[in-house]
Each structure stands twice: as C-alpha cells, then as structure tokens.
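Convention: sequence-line order gives letters A, B, ...; per-chain numbering from 1. Side chains are part of it too, since the values below use all heavy atoms of this structure and drop only hydrogens, waters and symmetry mates.
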2 protein chains.
Amino acid sequence: MQELITDILKRNQLSVTESRRKILELFHQSKGALAHADIEQSSAEHFDRVTIYRTLQTFVDKGIIHTIPTSDNSVRYALCKDECSAGHHHDNHVHFICDQCDTTYCLDHVSVPSLKMPNGFEAKQTDVVVSGICKNCQS
Amino acid sequence: MQELITDILKRNQLSVTESRRKILELFHQSKGALAHADIEQSSAEHFDRVTIYRTLQTFVDKGIIHTIPTSDNSVRYALCKDECSAGHHHDNHVHFICDQCDTTYCLDHVSVPSLKMPNGFEAKQTDVVVSGICKNCQS
DNA sequence: ACTATTTCGCAACTTTGTTGCAAAAAAATT
DNA sequence: AATTTTTTTGCAACAAAGTTGCGAAATAGT
C-alpha cells in the first residue's frame with residue numbers, strides 16, 4: 001500500500017510528504033468520497049486545516065481526486081480513475097449519495113447519458129448526482 | 001408585476017413584506033438563477049444578510065424557489081415551476097451553467113433520464129447539471 | 001553532507017452562514 | 001380605524017469555512 005501511494009505522488013511530480021501520503025491513504029482506504037471535515041476529524045492523525053485545504057487542491061490540480069457536486073452544496077472529493085491527468089478530468093460517471101448514511105459513491109459502471117441541448121446551448125460536461133438508499137442501508 | 005408578486009406570496013400564506021416582494025421580484029426579472037451574493041449586491045436595494053438567508057430559506061420551504069447543485073459547490077436558487085408546492089419539489093429538469101458568463105439556466109424542456117442503478121442501490125432523486133457555452137455566449 | 005526548493009504550520013484575516021432578541025412591520029381582531 | 005397579536009426584520013455576537021503571508025521544517029537535488 002505504501003508503495004502504491006508513494007508511486008502515485010511521484011508519478012505526479014509531487015514531493016512525497018507525510019501529510020500527502022496519509023491523506024491519499026485515507027482516500028484509498030475509504031469506500032466513498034471524503035469531505036474536508038472527514039479528513040480533519042480523522043482520529044488517527046492530526047492535520048493542520050490549511051495543509052488539508054492545500055493538499056486537496058493540489059490533488060485536484062494533478063487529477064488525483066475530483067470534486068463531487070452535491071445537492072446540499074457541501075464539497076466532497078473522491079479518487080479519480082486512471083484516465084484522469086493534470087488539468088484534465090474525465091469523470092463521466094454517475095455519483096450516488098445515500099440519504100441515510102450520507103456515503104458518496106462513484107458508480108463507475110453507470111455512465112452519463114448524452115442529452116440533447118436546446119438550440120444555442122453547447123454541452124461540454126455533464127454531472128449526474130443520484131440520491132436515495134445505498135446497498136448498505138437497505139432494510 | 002407587483003400584483004403577481006403579491007399574489008404568489010399570499011397563495012403561500014406568507015406575510016407580504018417589502019423584502020420578500022423585492023427579492024421575489026429580482027428572481028422574476030432575472031433570466032437565470034441567483035446566488036445569495038447576487039441579491040446582496042443588488043445595487044437597487046440594500047437587504048440585510050440575515051434577511052436574505054431567511055427569505056431564501058422560506059421560499060425554498062414553500063416551493064417558490066429551488067436550489068441548484070453546482071460543480072463548484074456554490075449555492076444558487078431559481079424559481080420553481082407551478083407544480084412545486086410546499087415541502088414537495090418537482091424540479092426534474094436539467095440545469096445548465098455557462099462556463100463563460102456563469103449564468104445558470106433551468107432547461108425546462110430537457111428532462112432527466114432515468115438510469116439503471118446497480119443492485120442494492122435505490123434511486124430517489126436525480127440531479128443533472130450540464131456546463132458549457134450558453135446561447136448568449138456563442139461567438 | 002550540503003544547498004536549493006518545496007511544503008508545513010501558525011497567526012491573522014475574510015467570507016459565509018447561524019442564533020437570540022428587541023424593535024418594527026404586517027395581519028387579525030374588535 | 002384603532003388596538004392587539006403575530007410575524008418579520010435588523011443588529012450584534014457568534015460559529016464555521018476558506019484564504020494568505022511568512023518563518024521554520026522537511027524534502028529533493030547535487
């Protein structure tokens with residue numbers, strides 16, 4: 001695991017620091033997306049708030065993670081797939097947010113349908129966020 | 001115009017106050033969605049920040065406006081269509097945000113496709129936000 | 001091992017959103 | 001139309017979220 005993490009950082013020309021390794025590891029351990037607060041409250045480790053903000057921004061810039069638009073407008077981040085590269089995200093999959101446990105999933109195998117835009121509108125990116133009950137919360 | 005505004009407020013059992021009339025009027029004058037800051041910086045009128053927050057929340061509760069999920073996670077509001085009622089929004093249309101002028105449109109005639117969820121996931125609501133170039137920014 | 005560069009953590013600050021409460025305005029009542 | 005009741009407003013104070021500058025510390029390059 002440690003080697004994978006270090007490798008990802010190096011591939012993206014980032015200095016391998018403890019904060020970056022630990023935060024990236026959190027993403028790899030987590031099933032769903034993480035918010036800034038999730039990382040800050042990570043009991044194992046204490047990270048400075050500013051360091052978290054800067055690390056997340058760096059990862060987004062490098063295409064390691066991407067932000068997920070949520071209906072309650074809170075910022076969440078999830079790992080990108082391999083196709084993403086610096087400055088160029090290809091996250092055309094659907095996101096799912098559970099109403100009960102609030103976990104955010106990337107549904108990699110549900111792809112975004114292409115929609116016909118009205119005259120004059122040119123679509124460049126489509127974000128789809130589905131909410132409902134996830135597989136762990138089904139009674 | 002004033003009568004329409006007053007009528008909407010009365011239909012929703014809201015006291016007709018100056019702030020509510022003016023803010024609701026802003027929405028009716030605007031082509032796109034409005035953020036809190038747009039209303040606060042409305043040159044014509046000065047509203048207290050707190051009043052704006054509370055008025056927007058009231059309008060959302062009554063089904064007069066709805067929030068739009070954006071990829072940059074800023075909160076925007078737009079007028080609901082007639083079918084919306086208190087506590088029960090029916091905004092299953094697609095939203096469009098222009099990369100250039102940042103205007104947010106409700107594409108009322110583009111409906112949200114239904115997607116097949118993976119086993120165990122139960123979809124309750126689907127939000128679609130398309131970004132690109134709007135009809136006013138085409139060169 | 002030493003030097004140059006990058007990153008971190010602290011402090012201070014800005015922006016965004018919330019809560020309690022007295023004053024003002026709107027609605028209901030007489 | 002005047003008075004009472006209810007609702008809403010605006011202020012202050014606070015809480016949360018995010019940003020910036022800068023010296024100290026850690027990482028990378030030689």
Side-chain angles (χ1 to χ4, degrees), chain A residues 2-3 5-26 33-42 44-62 64-77 86 102 104, chain B residues 2-3 5-26 33-42 44-62 64-77 86 102 104:
Chain A
Q2 287 304 322
E3 282 150 38
I5 301 289
T6 302
D7 196 50
I8 293 172
L9 293 173
K10 284 196 173 155
R11 260 210 309 275
N12 286 282
Q13 293 140 46
L14 291 175
S15 310
V16 179
T17 69
E18 200 181 314
S19 329
R20 284 178 182 163
R21 274 196 290 104
K22 291 271 171 64
I23 291 176
L24 189 48
E25 199 174 347
L26 280 180
L34 296 176
H36 181 277
D38 295 328
I39 297 168
E40 197 173 348
Q41 288 152 25
S42 147
E45 213 74 29
H46 174 74
F47 303 105
D48 189 81
R49 268 161 27 82
V50 179
T51 303
I52 299 173
Y53 281 117
R54 289 197 270 228
T55 304
L56 290 172
Q57 190 53 55
T58 303
F59 286 176
V60 170
D61 291 344
K62 290 292 186 178
I64 301 173
I65 59 177
H66 61 276
T67 59
I68 300 173
T70 59
S71 32
D72 67 335
N73 285 285
S74 64
V75 189
R76 302 193 189 188
Y77 303 86
D102 216 45
T104 304
Chain B
Q2 286 304 322
E3 283 150 38
I5 301 289
T6 302
D7 195 50
I8 292 173
L9 293 174
K10 285 196 174 158
R11 262 210 307 275
N12 286 281
Q13 292 139 46
L14 292 174
S15 310
V16 180
T17 67
E18 200 180 316
S19 329
R20 285 179 182 161
R21 273 197 290 105
K22 292 269 171 65
I23 292 176
L24 189 49
E25 200 174 346
L26 280 180
L34 296 175
H36 181 278
D38 296 326
I39 298 169
E40 197 173 349
Q41 287 152 24
S42 147
E45 213 73 30
H46 173 74
F47 303 106
D48 189 81
R49 270 162 25 81
V50 179
T51 302
I52 299 174
Y53 281 117
R54 290 198 270 228
T55 303
L56 290 172
Q57 189 54 56
T58 303
F59 286 176
V60 170
D61 290 344
K62 291 292 186 177
I64 300 173
I65 61 177
H66 61 276
T67 59
I68 300 172
T70 60
S71 33
D72 67 334
N73 285 286
S74 64
V75 190
R76 301 192 189 189
Y77 303 86
D102 214 44
T104 304

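Distance Ile52(A) CD1 to dA17(D) P: 12 Å, rounded to the nearest Å. Put simply, CD on Gln13(B) is 17 Å from C1' on dT8(D), counting in whole angstrom units. Regarding Leu9(B), its CG atom lies at a distance of 15 Å from the C1' atom of dA25(C), rounded to whole Å. Between the CD atom of Gln57(B) and the P atom of dT8(D) there is a distance of 13 Å, rounded to whole Å. Nucleotide dT9(D) holds its P atom 15 Å from the CD atom of Glu40(B), rounded to whole Å. Rounded to whole Å, the distance from NZ on Lys10(A) to P on dT27(D) is 12 Å. In this entry the distance linking CZ of Arg20(B) with P of dG10(D) reads 12 Å, nearest Å. dA17(D) atom P lies 18 Å from atom CZ of Phe47(A), rounded to whole Å.
Here the shortest heavy-atom pairing between Ala33(A) and Asp38(A) reads O-OD2, 4.3 Å. Shown here for Thr67(A) and Tyr77(A), the closest heavy-atom pair between the two residues is CG2-CE2, 3.4 Å.
For Tyr53(B), taking side-chain heavy atoms from C-beta onward, the closest of the listed nucleotides dT19(D), dA27(C), dT18(C) is dT18(C). In this structure, the nucleotide among dC8(C), dC10(C), dT7(D) sitting nearest to the side chain of Asp48(A) is dC10(C). Each of dC8(C), dA28(D), dT18(C) was ranked by its minimum atom distance to the side chain of Val16(A); first place goes to dA28(D).
Classification of Asp48(A) and Arg54(A) as a salt-bridged pair fails, no side-chain N sitting under 4.0 Å from a carboxylate O.
Interatomic distance, CG of Leu14(B) versus CG of Asp61(B), reported as 9.5 Å (0.5 Å rounding).
Here Arg49(A) lies in heavy-atom contact (under 4.0 Å) with a base. Note on Arg54(B): a base of the nucleic acid sits closer than 4.0 angstrom, heavy atoms only.
Residue-to-nucleotide proximity on DNA chain C shows that, of Val50(B) and Val50(A), the 5′-proximal contact is made by Val50(A). Between Val75(B) and Arg21(B), the residue whose closest nucleotide on DNA chain C is further toward the 5' end is Val75(B).
Taking 4.0 angstrom as the limit, Thr51(A) places none of its side-chain polar atoms (N or O) nearer than this to OP1 or OP2 of dC8(C). Contact between the side-chain N/O atoms of Thr17(A) and the OP1/OP2 oxygens of dT27(D) is not found at any separation under 4.0 Å. Distances shorter than 4.0 Å separate some side-chain N or O of Ser15(A) from OP1 or OP2 on dT7(C).
A side-chain donor-acceptor contact under 3.5 Å links Arg20(A) to the backbone of Ser15(A).
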